[in-house]
Amino acid sequence: MIKYLSIRLKFLLMASLGVCSIVTLSFLAFDITQKGVVNVNNVFEGSKRVQTIQQTYILPLFKLREQSLSLIMAPNEDLRKDILRTINAMYQKMDEPFQRLPKNVYDQWQNYVTLIRANQSYLKDDFEEGAFINANTVERDQFYALMDSLDEMQQNELSHASDTFTKANKEANNSRYFIVVWLIIIIVLTLLIGSYIAKNIVDSTLHVSKGLREFFDYLKSPSTEEATRIHIPLNNKDELGDMARRINKNIEIIQANLEQDSKLIEDATNVVEDLKLGNLDRRLVARANSDQLNLLKAVMNEMLDNLEFRIQQEINERTRQEQLLIQQSKLAAMGNMIGNIAHQWRQPLGEINALLMIIQVRRHFEDFTEEFLNAKIEECNRITEYMSNTISDFQNFFKPSKAKEIFDVTHACERASSILQASLKYHSIEFRLEKSEGAQVLGYPNEFAQAILNVLSNAKDVLIERQIEAPYIAMSVKNGKRYTLIKIEDNGGGIAAEHIERIFEPYFTTKHAKQGTGIGLYMTKMIIENNMNGIINVSNTNYGALFTIKLKRES
């Protein structure tokens, strides 16, 4: 009889049994609910107190600890200022809630704040190592001591809530026995009738599910042989029976469409495989039953028609741009080199000219001896040898390093500054170098020296262009336990605020188009950060610009 009922009637019958069961149990459970509400409210109040400790004290304390560590690891002063403002705001916000806690906990909080401020003092004095050690020793110990006190308060609240919950649970157990008999009777009746109805629905659903699973397996790997075996053997007169018959009827139609679409998909897969191998000659030919697949076919054919041309065009453009950048870099370096050689040769050429004038005068007054001539020739040879050595120094300086090697940073900085010594002296620019011995790093010494030279040349050009009184360039090399710090500072008035974020970009320059290419500092950044895994940044001081380079030391 159940077999011939619709699913709606079957569920209506099961729902009626359920309603009767619910109504009976509702009257019995009403009294238990009233008592449970009171007990649950008590537990909830205890939980709120626990949550208050967690959200008001523990979580903000972890965030404060995180900000303190971020302050120490911040790579520049601007980021540190932002973090300091955040930490100070957190102090003011957290201090008032801590005042409501017991005195011993508040004293621990005050001690922890004092230790955090000690980190700020270390950083203000540029003593990053002291701040790091303080944060990972005494500050960390005080942090965990404060956390232990807060955890103890939280555990006390949890214990109180647990006692309340145990009491409520005991009362619920006492009331539970009252409804056990009624519950057993209702469950037995509901199971007997409901299981029979459910079994019929489940059996029908399993038949449909099995047929659909076979059909979906066919969709994963369609084949005509498997499709002919898909059939749902369900003769029910309900909705599931109608569904089974419709599925059986549509399988043949779907199979035919899928076979046609599969041919196009297979063809497209082969075209993609050919594309991976670099073959762009093949095109899609088969036609699918789906309009979307046919549209995809047209799009792929059009894409293949244009892809090869676009790829070659992009390769040519990128190659041209890279060659242009390299050429401009070489021309800029060559121009600077010629200028520096001119400054280096100006005095020797003047000396040679003076010697020739002396020889001419002595010859005119017939005070000319072979001994005098040999002495002057020897002096000229000494001067020309100096000029020849200057050319050799410049050639070696601009010769690229072939492989990474461990070199002395101070020596590389001295080499770079020596190139500009004559030019700086000519323009009355004071140069100061604060040395630090034993600064060994791994990288390319010639490229690094060229990067330093780019920064020094830019500083020199700014001082000359702005006609600074008493101009100077100060460079220092300092060693830490893990890093070497190079600072280059001038008194040229600094970099404009709208330009300071862009000075390391390629082709960006504040000079006249004939005076700068905008690639010197870009190449410097590439050498320091890409080739040597270092960090370079720039900031303004009260007098001018400050370039800071940080490199990892080699022990």
Side-chain angles (χ1 to χ4, degrees), residues 66 68-83 119 122-137 140 397-418 432-459 473-489 500-501 503-506 520-539 541 545-555:
E66 179 183 1
S68 176
L69 295 176
S70 299
L71 177 64
I72 297 172
M73 301 304 293
N76 57 63
E77 290 298 326
D78 292 338
L79 185 57
R80 284 178 177 170
K81 290 179 181 178
D82 293 339
I83 296 175
N119 291 338
Y122 285 132
L123 294 175
K124 185 177 181 181
D125 296 334
D126 290 334
F127 189 32
E128 297 181 359
E129 295 181 8
F132 181 82
I133 294 172
N134 182 70
N136 288 275
T137 55
R140 180 188 60 191
F397 181 83
F398 287 97
K399 185 183 298 182
S401 304
K402 295 182 179 180
K404 283 188 176 182
E405 59 183 87
I406 296 176
F407 66 94
D408 189 284
V409 172
T410 303
H411 178 65
C413 292
E414 289 176 337
R415 288 179 56 214
S417 61
S418 66
R432 313 166 190 164
L433 175 59
E434 182 181 347
K435 303 179 183 180
S436 181
E437 300 299 331
Q440 301 288 325
V441 300
L442 177 63
Y444 303 96
N446 285 356
E447 280 77 355
F448 174 75
Q450 186 173 356
I452 297 296
L453 178 61
N454 289 339
V455 178
L456 295 175
S457 297
N458 273 17
I473 300 175
M475 181 164 62
S476 65
V477 181
K478 296 183 179 180
N479 290 330
K481 287 186 177 181
R482 297 181 60 188
Y483 295 95
T484 294
L485 198 67
I486 303 102
K487 292 184 177 181
I488 302 174
E489 183 178 3
I500 196 166
E501 297 294 334
I503 63 170
F504 291 115
E505 295 180 6
L521 291 180
Y522 169 72
M523 297 298 291
T524 296
K525 186 177 181 66
M526 294 300 100
I527 292 171
I528 297 299
E529 296 190 352
N530 291 358
N531 294 356
M532 301 186 65
N533 296 322
I535 298 174
I536 180 171
N537 54 57
V538 63
S539 60
T541 66
L546 172 63
F547 286 82
T548 304
I549 300 172
K550 188 175 182 181
L551 301 174
K552 185 177 181 182
R553 291 191 61 188
E554 289 293 324
S555 56

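In what follows, residues are counted from 1 in the order of the sequence shown. Atoms considered below: every heavy atom in the structure, side chains included; atoms not considered: hydrogens, waters and symmetry mates.
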Distance check, rounded to the nearest 0.5 Å: [X] atom [atom1] versus [Y] atom [atom2]?
X	Y	atom1	atom2	value
Y522	I503	OH	CD1	15.0 Å
M73	L79	CE	CG	11.5 Å
E489	F547	CD	CZ	11.5 Å
E505	K525	CD	NZ	10.0 Å
Q450	I527	CD	CD1	5.5 Å

Worked verdict on R415 versus L453 for side chain to side chain contact (heavy atoms under 4.5 Å, CB included): CA-CA 9 Å; R415 288 179 56 214; L453 178 61; over 6 Å; no
Determine, stepwise, if the pair I452 / M475 fulfils side chain to side chain contact (heavy atoms under 4.5 Å, CB included). CA-CA 10 Å; I452 297 296; M475 181 164 62; 4.0 Å; yes
Test log, rule side chain to side chain contact (heavy atoms under 4.5 Å, CB included), inputs I535 and Y483: CA-CA 11 Å; I535 298 174; Y483 295 95; over 6 Å; no
Looking at every non-hydrogen atom in both residues, tell me the closest pair between [X] and [Y] and how far apart they are.
X	Y	answer
A449	A416	O-CB, 3.4 Å
T524	A451	OG1-O, 3.5 Å
A412	F407	CB-CE1, 4.0 Å
V441	V409	CG2-CG2, 3.4 Å
T410	S436	OG1-O, 2.8 Å
I486	C413	CG2-SG, 4.4 Å

Taking NZ, NE, NH1 and NH2 as the nitrogens, is one of them in K435 or E414 under 4.0 Å from a carboxylate oxygen of the other? yes
Measure the shortest side-chain to side-chain distance between [X] and [Y] over non-hydrogen atoms and say whether it is less than 4.5 angstrom.
X	Y	result
T548	S539	no
I536	F504	yes
I528	L551	yes
E434	K478	yes

Do any N or O atoms from the side chain of K404 and from the backbone of M532 form a donor-acceptor pair under 3.5 angstrom? no
I'd like to know if the side chain of T484 and the backbone of R553 have a donor-acceptor N/O pair within less than 3.5 Å. no
Please tabulate, one pair per line, all N/O donor-acceptor pairs under 3.5 Å involving side-chain atoms of residues 129-137, not counting sequence neighbours.
unit_1: E129; atom_1: OE2; unit_2: K481; atom_2: N; d: 3.3
unit_1: N134; atom_1: ND2; unit_2: L115; atom_2: O; d: 3.2
unit_1: N134; atom_1: ND2; unit_2: N119; atom_2: OD1; d: 2.5
unit_1: N136; atom_1: ND2; unit_2: F132; atom_2: O; d: 2.8
unit_1: T137; atom_1: OG1; unit_2: I133; atom_2: O; d: 2.6

With side chain to side chain contact (heavy atoms under 4.5 Å, CB included) as the test, pick out the partner of K487 among I549, V477, L546. L546
With side chain to side chain contact (heavy atoms under 4.5 Å, CB included) as the test, would you mind laying out the steps for D408 and Q440 before giving the verdict? CA-CA 5 Å; D408 189 284; Q440 301 288 325; 3.3 Å; yes
